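What's counted below: heavy atoms across the whole structure, side chains too, no hydrogens, waters or symmetry copies. Source: prediction; values computed, not measured. Starting from 1, each residue takes its place in the sequence as its number.
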Amino acid sequence: MDTPLKDLVERVQWAAATGTPLRIRGGGSKDFYGQSLQGELLDTRSLRGIVSYEPSELVVTVRAGTSLAEVEAALAEKGQYLPFEPPHFAAGGAQATVGGMVAAGLNGPARASVGAVRDYVLGAQLLNGRAELLTYGGQVMKNVAGYDVSRLLAGSLGSLGLIVAVSLKVLPRAVAEATLVFELDEARALQQLNAWGSQPLPLNASCWHQGALMVRLRGAAAAIAAAKKTMGGQVMDDGAAAQLWTALREQTAAFFVLEEGEALMRLSVPDTTPPLNLGPTLIEWHGGQRWLKLPLAAAQQAVPAGVPGHATLFRGGDKSAGVFTPLPAPLDRITRELKKQFDPAGICNRGRLYPDF
């Protein structure tokens, strides 16, 4: 055990013995996400470095405090990338880390087509609330026997412990890409996305806002050329398209700039859900993710009655009532039992996921 890891183990041992809450954090780029922060800072950035990278095996193993930018640069040298396009949200000098990427479980524009963070986690090493160093999964796709704990860490917001290292599946970059633009209202855009979804088209990402539907295609050059003829629309300039998808991934697009008295809500709903007409809307993930800008007074409402899905108070608003839609009773019980097993003293990111969790 090297010195940085040994120091972190000793900190967790002390916290568990004294009942002192710890705020597990990497670069702090996701500090805005989830419930309010509390506890003594436990900085993971001493756990740095790419442990192993096998381009031919499409697997990279990284220590949690390593910057996401460093990993993406190493993958790019070999023509590979993280397909789920994790956002950095690195404004103000913050630097996103791999551990934070997994713990937050956030995904970029391609999520509906390629899968989520959790789908690419092959294995992980965890320092739990008992100060035990645990290893789950491995570095190949077929390695799971029993409960897949490594993927459970994705989106856990550090509530089960400190992620020490993680093995991730990576993919080669597509050889061709194009973004098409269509002038459609919200209802027609959703109908068209669902119609395309039933066809063998190389759909990778989509976005609708203010009467414009943008669709990104990725794949073989022949598949892209054929899709252009089938779908129609206007082809966006490559440079402008790159800026568009980056602005969506990092939420630097104008829609995500909040004025005083506004909050940003994220709704996850079936992609066939018709327009909700709740306020200014931006749609991603082929209709499955709806972003709403709402007055603070309206920002605590969940998905409207009768619509399956859940809501997240993403930015702004009063977090005291809870940021995430409450879990159904059976899932809530399982989640709390897992918390007791991994962190019986409740020291790891206390209250970050739910106010009493």
Original post:
Residues in salt bridge (charged side-chain N to carboxylate O under 4.0 Å, His left out) with Arg218, at least two apart?
Top reply: Glu85, Glu177
Original post:
Is the NZ or CZ atom of Arg173 positioned over Tyr81's six-membered ring, under 6.0 angstrom from the centre and within 45° of the axis?
Top reply: yes
Original post:
Is a side-chain donor-acceptor pair under 3.5 Å present for Thr281 with Trp208?
Top reply: no
**OP:** Answer with yes or no after comparing the ring centroid distance for Trp196 and Phe182 against a 6.0 Å cut-off, counting only values under it.
**Re:** yes
Original post:
Rounded to the nearest 0.5 Å, how far apart are CG of Leu162 and CG of Leu42?
Top reply: 5.5 Å
Original post:
Heavy-atom distance under 4.5 Å between the side chains of Leu282 and Arg290, does that happen here?
Top reply: no
Original post:
Within 45° of the axis and under 6.0 Å from the centre of the six-membered ring of Phe89, does NZ or CZ of Arg315 qualify?
Top reply: yes
Original post:
Under 4.5 Å between any side-chain heavy atoms of Leu153 and Tyr136, yes or no?
Top reply: no
Original post:
Under 4.5 Å between any side-chain heavy atoms of Thr3 and Asp7, yes or no?
Top reply: yes
Subject >> Spacing of Glu284 atom CD and Leu193 atom CG [to the nearest 0.5 Å] >> reply: 11.5 Å
**OP:** Measure the shortest side-chain to side-chain distance between Lys169 and Val59 over non-hydrogen atoms and say whether it is less than 4.5 angstrom.
**Re:** no
Original post:
Does Thr179 reach the main-chain N or O of Ala241 with its side chain, forming a donor-acceptor pair under 3.5 Å?
Top reply: no
Subject >> Candidate list Val170, Leu122, Val166, test side chain to side chain contact (heavy atoms under 4.5 Å, CB included), partner Val60, passing option >> reply: Val170
Original post:
Within the side chain of Thr273, is there an N or O that forms a donor-acceptor pair under 3.5 Å with the backbone of Val269?
Top reply: no
Subject >> Between His88 and Glu72: side-chain donor-acceptor atoms closer than 3.5 Å >> reply: yes
Original post:
More than 12 foreign heavy atoms under 6.0 Å from CD of Glu132: is that the case here?
Top reply: yes
**OP:** Would you indicate whether the side-chain heavy atoms of Tyr53 and Val62 approach each other to under 4.5 Å?
**Re:** no
Subject >> Heavy-atom side-chain proximity of Ile283 to Cys207 below 4.5 angstrom >> reply: no
Subject >> Side-chain donor or acceptor of Ser113 paired with backbone N/O of Leu203 under 3.5 Å >> reply: yes
**OP:** Decide, yes or no, whether a salt bridge links Asp2 with Arg63 under the criterion of side-chain N to carboxylate O below 4.0 Å.
**Re:** yes
**OP:** Supply the atom-to-atom distance Gln38 CD to Arg23 CZ, rounded to the nearest 0.5 angstrom.
**Re:** 10.0 Å
Original post:
Heavy atoms, side chains only, cut-off 4.5 Å: are Phe255 and Leu248 in contact?
Top reply: no
Original post:
Do Phe324 and His310 make the cut of ring centroids closer than 6.0 angstrom?
Top reply: no
**OP:** For the pair Asp332 and Arg336, find out whether any cationic side-chain nitrogen is under 4.0 Å from an anionic carboxylate oxygen.
**Re:** yes
Subject >> Short side-chain to backbone donor-acceptor contact, Thr66 and Gly49, under 3.5 Å >> reply: yes
Original post:
Quick check: does any side chain N or O of Arg118 sit under 3.5 Å from a backbone N or O of Ser150, one acting as donor and the other as acceptor?
Top reply: no
Original post:
Out of curiosity, Glu262 CD to Leu258 CG, how far, rounded to the nearest 0.5 Å?
Top reply: 6.0 Å
**OP:** Describe, in one word, how the ring planes of Trp291 and Phe256 are oriented to each other, choosing from parallel (under 30°), tilted (30 to 60°) and perpendicular (over 60°).
**Re:** perpendicular
Subject >> Distance (rounded to the nearest 0.5 Å) between Gln80 CD and Lys78 NZ >> reply: 9.0 Å
Original post:
With a 4.5 Å heavy-atom cut-off, do Leu106 and Lys30 have their side chains touching?
Top reply: yes
Original post:
Are any side-chain N or O atoms of Asp343 and backbone N or O atoms of Cys348, one a donor and one an acceptor, separated by less than 3.5 Å?
Top reply: yes
Original post:
Taking atom CG of Asp238 and atom CD of Gln243, what is their separation to the nearest 0.5 Å?
Top reply: 11.5 Å
